[in-house]
Amino acid sequence: MIRDQLIAALAGALDHLGIAPVPENIGLERPARREHGDWSSNIALAVAKTAGRNPRELGTELAEHLDANRPDGVAKVDVAGPGFVNFHLDDASLHAIITTAVAEGPAAFGAHTVGADQVINVEFVSANPNKPVHAGHARGACYGDSIARLFEKCGYEVQRENYLNDRGTQMQAFAASLAARKRGEEPAEDGYHGEYLIDWAAEMPDDADPLEWGRGHAIASHRATMSSVNVEFDIWYSERSMVADGKIDAALADLGERGALYEEDGATWFRSSDFGDEKDRVLVRSNGELTYFAPDIAYHRDKFSRAPKLINVWGADHHGYVARMKGAMQALGHDRDELEIIITQLVRLERGGESVKMSGRAGDMVTFDDIIAEAGPDAARFTYLMQSVDTEQTIDLELIAQKVMDNPVFYVQMAHARIRSIQSKVADAGVATLPIRDVDLSLLTHERELAVLRELHEYPELVALAAREMAPHKVANWLRQFAAAVHGFYHDCYVMGDGVSAELTQARLWLVEAARIGLVSGLDLLGVSSPDSM
RNA sequence: GCGCUCGUAGCUCAAUUGGAUAGAGCAUCUGAUUACGGAUCAGAAGGUUGGGGGUUCAAGUCCCUCCGAGCGCGCCA
C-alpha cells in the first residue's frame, strides 16, 4: 500500500535529519487542493516545536531529502505553505488502479479485511408491527442498511436485525381497533384511528384472530416495503418471544444478582443513575406489568449473546433513552462502548417548497411506501444517504422525483449508463477489446483521464473511512465527484472516433470499464442500482 | 427550567475529525457540439462559518458565554 510506503519514507527522512525520537504517528492525508499533490504530511509542523526547528525549513529539508530518494510511484516531493511535505504520484501509479479495479471487479474493489472473523449486529427500523412503515423510518432504514453494506465491504459478518414490539397494551389496542373496523365501527377513543385499518379489516378473513392476523399483516407489509428499497433483514426479533422463552425473567434475574435492582413503592427499579443515567428507572410497575424498558434490556442482553458489537440506529425522539440502555448493558457486565447508538436527526419533507404534513387528522402518516412510489427506490435511497445523519435534513419530494441534473442520483447513474453506451457502441462497430495485459495504459495522459484515475485511486481508502465513521454520505459525495470526472472525460475524450488511435481506444476502453466498476461498487454500498440505460 | 443534537453562499449540503486560499450542486450571469446519449462540459459571481471571548505554529472543528432551531425530559410505548 502506497500510504505505508510514504509514511515509512517520511520516518526515514526524519531519522536522517536527526529528529529523535521519530514520532509514532506520522500524519498523511489527501490534500484538498490539486496543486498540493496526491498525499500530504504535516509532520514538519507537528515536530517543529519539540525539535526546536522552524517548520518551513524542516519541511524543506524533508522534501529535498525525499525528492532525492523518491519512493516507488512518486514523481515529485515538495514543500508548501507553512511546511507541508507534498507527494505527487507519477502517472504509472495512477494507471495501476485500472488493472486493480478490473482484476477485482465491483464486489471486491475497495474491499478491506479489517473486520474479518468479526460479527457485528446492526439493529434498525424496528417499527411497531401495527401500522405501515412511515416516513420517519425511511432515513434509518437507508442508513442502517448502508452501514451494514460498508461493514460487509470491510470484511465483517453483519446481522441486520429488526425488533418487533409485538406485545403489550399497544398491540391490544391495535387488535381491538382492527376488530372494530371489521364490524364497521369506529375504534375506541384510545385506539388506532388510521384509515389504513379500514383496508386491513376488509382483507382480514372473518374467522381470523385480529391480533395474530394484524401482526402478521403488518410484518408482511414492513418486509415488502423494505424489500422495495433493497433492505433485507436477517433477523426479525419478536418481543413476545422473550416472554415465552423466559428471557425477560432471566434478564431481570441477572440484573438482580448483580445488585442493580431494588424494590420501592411496590415497583422494581433499575439503578441506572449508578451507570450514567440521570435517574433510576422502573422495570416492573407496582401493578405487576413490565415497562417498555424491561424487555428492551432483555433484548439487548440477547443480542450481546449473539454478537460482541452492537449498533443501534434510533430516531432523534429516542435520544433520551441512550443513557439508560448503555447503563443497563454496563450493569450486565458489558463494555458500554460495545453498544453504539446512532441517532438520526429528523427529516422534513417538502413538495415544491411547501412543507408536507406528516400526519392527517385520521392519524394516517405519510408512509415510506408513499415516498418510494413518488421518488422511486433509487432516488429515495440516494437522497436520504446524501447527507450526514447528524443534521436535520430537508427533502423535496418533487425535486428528487425529477429525472434531471438537479438530481444527483440521476447524474451518477447517467455516468454509468454512458459508459455502457460507449461499450456497446464500440462492440457494435466490430472493435474487439484486447486483454488488459496487451494494452498500453501509459497512453492515458490527458488531464481528464488522470482526473478519473485520481478519484478512483482514492476510493478504497474512502470506503474504509466511511465504514469507520459509519458515514455513508461520504460515499454519496465521492460518487458525485467521481461522476463529474467521468462526465468530463466523456466530454473531452472520445473512446472511439476520428483522431483516436486504435491503441488509445483500447486503453480508454479499460479506463471506462475501471470507472464503471467504481460506480457500481459505490452505488451498491448505498443500495442503489447501476442501470445500463436511463 | 434541565438534557441531547445542531447553526457554514440566496437554497440544499460538504469540509479527510485541529491543517494550507472554507468546497460542491441548484438558482443567477457568460460561453462550448458536423463524432461515443447536450440528461453534458467550461467560466464568472456568491462567505465576518449565528454573535463575543479563549486555547496554539494552525480553529468551521476544541473550551467558556450569549442568541436561535429541532428533539427529549412518565410506575407511557
Side-chain angles (χ1 to χ4, degrees), chain A residues 27-33 35-36 40 42 44-46 48-49 54-56 80-84 86 128 165 168-171 173 264-269 278-279 281-293 296 315-323 343-346 348 350 353 383 386-388 390-396 399 403-408 410-411 413-415 417-426 428-429 448 458 461-462 465-466 468-469 471 473-474 476-477 480-481 484 487-500 505 508 512 533-534:
Chain A
L28 192 69
E29 59 188 18
R30 297 282 191 171
R33 303 178 67 85
E35 62 264 31
H36 294 147
S40 178
N42 65 351
L45 286 73
K49 194 166 193 180
N54 173 295
R56 172 78 193 200
F84 290 97
N86 295 334
N128 290 343
N165 295 115
T169 52
Q170 283 205 132
M171 284 305 280
E264 190 173 296
D265 301 332
T268 303
W269 296 71
E278 57 191 7
K279 56 190 267 194
R281 308 288 175 176
V282 171
L283 298 184
V284 185
R285 295 194 267 161
S286 51
N287 66 5
E289 286 183 30
L290 300 171
T291 63
Y292 175 88
F293 192 26
D296 220 11
D317 53 341
H318 284 79
H319 75 255
Y321 206 70
V322 171
I343 299 296
T344 66
Q345 297 300 317
L346 294 185
R348 192 168 59 250
E350 293 182 347
T383 305
M386 228 167 22
Q387 181 175 337
S388 162
D390 291 342
T391 56
E392 287 178 49
Q393 184 175 30
T394 302
I395 290 181
D396 194 312
L399 286 183
K403 302 198 174 191
V404 294
M405 64 183 233
D406 304 26
N407 196 344
F410 289 102
Y411 182 83
Q413 288 182 315
M414 183 62 194
R418 282 189 142 167
I419 290 172
R420 279 308 204 199
S421 173
I422 290 169
Q423 291 173 329
S424 66
K425 268 284 197 301
V426 170
D428 290 349
R448 294 293 206 180
E458 274 195 48
E461 201 175 335
L462 174 112
L465 178 71
R468 202 180 325 125
E469 297 182 2
H473 75 278
K474 288 177 188 286
N477 283 329
R480 294 176 72 175
Q481 209 171 311
H487 284 303
F489 163 81
Y490 174 88
H491 189 265
D492 288 353
C493 301
Y494 285 83
V495 170
M496 185 184 66
D498 298 339
V500 179
T505 292
R508 285 180 172 171
V512 298
S533 64
M534 308 281 301

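Order of the sequence lines fixes the chain letters, A, B, ..., with proteins taken first and strands second; residue numbering starts at 1 for each chain. As the structure is a computational prediction, the values presented were derived from the model and not from experiment.
Atom CD1 of A:I395 and atom C1' of B:rC13 are 12 Å apart (whole Å). Here the P atom of nucleotide B:rA59 and the CG atom of A:L45 are 12 Å apart, to the nearest Å. A:Y411 has its OH atom 22 Å from the P atom of B:rU12, to the nearest Å. At whole-Å resolution of the value, NE2 in A:H36 and C1' in B:rG23 are 14 Å apart. Per the geometry, CG belonging to A:D390 stands 15 Å off P belonging to B:rC4, to the nearest Å. If you take CD of A:Q387 and P of B:rC6, they are 13 Å apart, rounded to a whole angstrom.
With P as the reference atom, B:rC62 and B:rA20 are 16 Å apart, rounded to whole Å. With P as the reference atom, B:rU40 and B:rC26 are 8 Å apart, rounded to whole Å. Going from the C1' atom of B:rG60 to that of B:rG7 covers 11 Å, rounded to whole Å. Comparing B:rC41 with B:rG25, their P atoms are spaced 9 Å from each other, to the whole Å. Separating the P atom of B:rU61 from that of B:rC6 is a span of 13 Å, rounded to the nearest Å. With C1' as the reference atom, B:rG51 and B:rC67 are 7 Å apart, rounded to whole Å. Nucleotides B:rA27 and B:rA39 place their P atoms 15 Å apart, quoted to the nearest Å. Comparing B:rA9 with B:rA15, their P atoms are spaced 15 Å from each other, to the whole Å.
Side-chain contact annotation: A:R448 with A:H491, donor-acceptor N/O pair under 3.5 Å absent.
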Exercise for review: Using a 4.0 Å heavy-atom cut-off, write out nucleotides 31-36 of chain B from 5' to 3' as B (base contacted by protein), S (sugar-phosphate only) or - (no contact).
Suggested key: -B--BB
Study note, to complete from the structure: Scoring nucleotides 68-77 of chain B by protein non-hydrogen atoms under 4.0 Å (B base, S sugar-phosphate only, - none) yields --SBSSSBSB
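Glycosidic torsion of B:rU28 falls outside 90° of 0, placing the base in anti.
Within the 3.5 Å criterion, the main-chain N or O of A:G81 finds a donor-acceptor partner in the side chain of A:R56. Looking only at distances, no side-chain donor or acceptor of A:T291 sits under 3.5 Å from a matching main-chain atom of A:V284. Checked by atom type and distance alone, the side chain of A:Q423 never pairs as donor or acceptor with a backbone atom of A:V512 at under 3.5 Å. Panel note: side chain A:Q393, backbone A:S388; no donor-acceptor pair is recorded below 3.5 Å.
Here A:S424 lies out of heavy-atom contact (under 4.0 Å) with every strand. Looking at heavy-atom distances under 4.0 Å, A:R56 makes no contact with the nucleic acid at all. Residue A:S40 is classed as a base contact, given a heavy-atom separation below 4.0 Å to a base. Note on A:N86: a base of the nucleic acid sits closer than 4.0 angstrom, heavy atoms only.
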Review point. Passes side chain to side chain contact (heavy atoms under 4.5 Å, CB included), A:T169 versus A:Y292? Steps please.
Key: CA-CA 10 Å; A:T169 52; A:Y292 175 88; over 6 Å; no
**Study point:** Residues A:L465, A:K474; criterion side chain to side chain contact (heavy atoms under 4.5 Å, CB included); working and verdict
**Key:** CA-CA 8 Å; A:L465 178 71; A:K474 288 177 188 286; 4.0 Å; yes
Exercise for review: Dot-bracket notation for RNA chain B is requested: 5' to 3', Watson-Crick or G-U wobble pairs only, both distances under 3.5 Å, with ( ), [ ], | and . as defined.
Suggested key: (((((((..((((.....[...)))).(((((.......))))).....(((((..]....))))))))))))....
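Under the stacking definition used here (centres under 5.5 Å, planes under 30°), the residue A:H473 fails to qualify as stacked on the base of B:rA14.
Using cut-offs of 30° and 60° for the angle between ring planes, the A:Y494 and A:Y490 rings count as tilted. Note on ring orientation: taking the six-membered ring where Trp is involved, the planes of A:Y411 and A:H487 are tilted (angle from 30° to 60°).
Rounded to the nearest 0.5 Å, atoms CG (A:L283) and OG1 (A:T268) are 7.0 Å apart. Note: A:T394 OG1 to A:R348 CZ = 3.5 Å, rounded to the nearest 0.5 Å. Rounding to the nearest 0.5 angstrom, the gap separating the CG atom in A:N407 from the CE atom in A:M414 is 13.5 Å. If you take CG on A:D296 and CG on A:L290, they are separated by 12.0 Å, rounding to the nearest 0.5 Å.
Take A:E278 and apply the side chain to side chain donor-acceptor pair (under 3.5 Å) test, not counting sequence neighbours, and it matches no residue. Residues satisfying the ring-ring contact (aromatic ring centres under 6.0 Å, His included) test with A:H319, not counting sequence neighbours, are none.
One finds no side-chain N or O of A:H487 lying less than 4.0 angstrom from the OP1 or OP2 phosphate oxygen of B:rG25.
Along RNA chain B, the nucleotide nearest A:Q393 and the nucleotide nearest A:S533 are compared for position; the residue whose nucleotide lies closer to the 5' end is A:Q393.
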Scan nucleotides 16-18 of chain B against the protein and return all N/O pairs shorter than 3.5 Å with their distances rounded to 0.1 Å.
from, atom 1, to, atom 2, distance (Å)
B:rU16, O2, A:R30, N, 3.3
B:rU16, O2, A:R30, O, 3.2
B:rU16, N3, A:R30, O, 2.3
B:rU16, O4, A:R30, O, 3.1
B:rU16, O4, A:A32, N, 3.2
B:rU17, O2, A:E469, OE2, 3.3
B:rU17, N3, A:E469, OE1, 3.3
B:rU17, N3, A:E469, OE2, 2.6
B:rU17, O4, A:E469, OE1, 2.7

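Summarising the geometry of A:W269 relative to A:A267, their closest heavy-atom pair is CD1-O, 3.5 Å, with the distance given to 0.1 Å.
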